[in-house]
Colleague: 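Encoded as structure tokens, here's the structure I'll be asking about.
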Amino acid sequence: MPSVTPVLTPDRLLRQEVLALRAYPVPDSGGMVKLDAMENPYPLPPQLRDEIARLVADAAINRYPDAGAQSLKDQISAVTGLPQGMGILLGNGSDEIIQLLAMAVAKPGAALLSAEPSFVMYRMIAAFTGMQYVGVPLTEDFALDLPAMLNAIQRHQPALVFLAYPNNPSGNLFDADDIAQIIAAAPGLVVVDEAYYAFADASFMPMLARYPNLLVMRTFSKLGMAGLRLGFVAGSQAWLAHLEKLRLPYNVGVLTQLVVEKLLQHHAVLLQQAAQIKLDRVWLYERLAGMADVRPYASEANFILFRVMHAAKVFEGLKNRGVLIKNLSGSHPLLADCLRVTVGTPQENERFVVALRESIHQTI
Ligand SMILES: *Cc1c(COP(=O)(O)O)cnc(C)c1O
């Protein structure tokens, strides 16, 4: 009898962790006021756009990119105030750097620890790199639960700890002394993820020299370059030299290198836009705080988390009125009935506030 080869299906071949994952959801936002993804809403000044157009026209896109990206790295070091003796590693967005760090430490049984709720990619990347994920709940007002964190560190001896500073989705900065204690107690690397550095007044960048197990990660996505995909991690060469071996040689494309370098030569323009967003964050927070049955949380980022009575209905109401934000209700017990709105232009914020009022009214 001829042997029958069983039909190959994904569940026979793929790793269990992969089968169990749900893809990072990206909703269709066509025609909407898009306030769901922490993007900078402002276009660049016309003169800068023209400069970029010329750069792109002359770019050698037939050649592989500069694998070391030295010129771009120098520009980043200059605008970042990178401490003496520290280096940087570039990623295709900081998501790629999270993945690279996880791959580097993922020995069997190794743990990745984070506070929860926080950036969902920490958990997803832990899952698909085969790491054990440990999520330690924040307190009810989204502060670090320091005793619980220290306890979990003691118990799980995590190879990696990720702390988003400010935190996404709550928007607050964790207590700096709490973070210092976590860095001191951690047996592995602690990565302070400063994706929202442009909107906050605090950073762990100056602390790099003090803690040999500290890395500081940033991205330019939230500053107005989400489409270019560039993030970096800063730290001592002792770590970066090994991590470089895992970086795929051409992970940052020619156009990204050229355009980000040009934009960082005009860093002040972007910081000016960030400053405007910070002002509008205050306006938006006050509107939310003034609404009955809405509880906003103070934010040091370019978004505001807020709690309502019937989040799913309010979210749908907003969508029906052409405003897309993020519904976080159900994603974590601490986020019950929570929604997150990105700070947009004053006109977009205005439209959001009007649509929110109507949506809340309609659900009563
Ligand atoms: C958006 C975000 C990132 C990832 O940004 P990239 O676009 O991949 O650079 C990382 N960490 C946090 C906390 C974020 O909110």
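Positions are given from 1 along the sequence. Keep in mind it's a predicted model, so treat the numbers as computed, not measured. Both counts, for ligands and for their atoms, begin at 1 and track the order of listing.
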Colleague: Check for me whether Met121 has a heavy atom closer than 4.0 Å to any atom of ligand 1.
Modeller: no
Colleague: Side chain or backbone of Ser221 under 4.0 Å from ligand 1, or both, or neither, by non-hydrogen atoms?
Modeller: side chain
Colleague: For ligand 1, find out whether one of its N or O atoms is nearer than 3.5 Å to an N or O atom of Tyr122.
Modeller: no
Colleague: Who's the nearest protein heavy-atom neighbour of atom 11 (N) of ligand 1, and how far?
Modeller: Asp193 OD2, 2.6 Å
Colleague: So which heavy atom in the protein is nearest atom 5 (O) of ligand 1, and how far is it from that ligand atom?
Modeller: Ser94 OG, 3.4 Å
Colleague: I need the atoms of ligand 1 closer than 4.0 Å to a non-hydrogen atom of Asp95, numbered in the order shown.
Modeller: 4 (C), 8 (O)
Colleague: With a 4.0 Å cut-off on N to O distance, would you call Arg123 and Glu116 a salt bridge?
Modeller: yes
Colleague: Is there a side-chain contact between Tyr297 and Ile304, using heavy atoms and a 4.5 Å cut-off?
Modeller: no
Colleague: Between ligand 1 and Gly93, can you find any atom pair, the residue atom being a heavy atom, that is separated by under 4.0 Å?
Modeller: yes
Colleague: Taking Met205 as the starting point, is it possible to reach Leu243 by hopping between hydrophobic residues whose side chains are less than 4.5 Å apart?
Modeller: no
Colleague: If we check salt bridge (charged side-chain N to carboxylate O under 4.0 Å, His left out) with Glu358, which of these qualifies: Arg351, Arg321, Lys313?
Modeller: Arg321
Colleague: May I ask you to identify, for Asn168, whether its side chain, its backbone, both or neither come under 4.0 Å of ligand 1 on a heavy-atom basis?
Modeller: side chain
Colleague: Is Arg229 close enough to touch ligand 1? Criterion: a residue heavy atom under 4.0 Å from a ligand atom.
Modeller: yes
Colleague: Can you find a pair of side-chain heavy atoms, one from Leu112 and one from Tyr122, that are under 4.5 Å apart?
Modeller: yes
Colleague: I'd like to know if Tyr196 contacts ligand 1, where contact means a heavy-atom distance under 4.0 Å to any ligand atom.
Modeller: yes
Colleague: Return the closest protein heavy atom for atom 14 (C) of ligand 1 as residue, atom name and distance.
Modeller: Lys222 NZ, 3.1 Å
Colleague: Check for me whether Arg218 meets the cation-pi criterion with Phe232, that is, NZ or CZ under 6.0 Å from the six-membered ring centre and within 45 degrees of the ring axis.
Modeller: no
Colleague: For the rings on Phe174 and Phe142, is their centre-to-centre separation under 6.0 Å?
Modeller: no
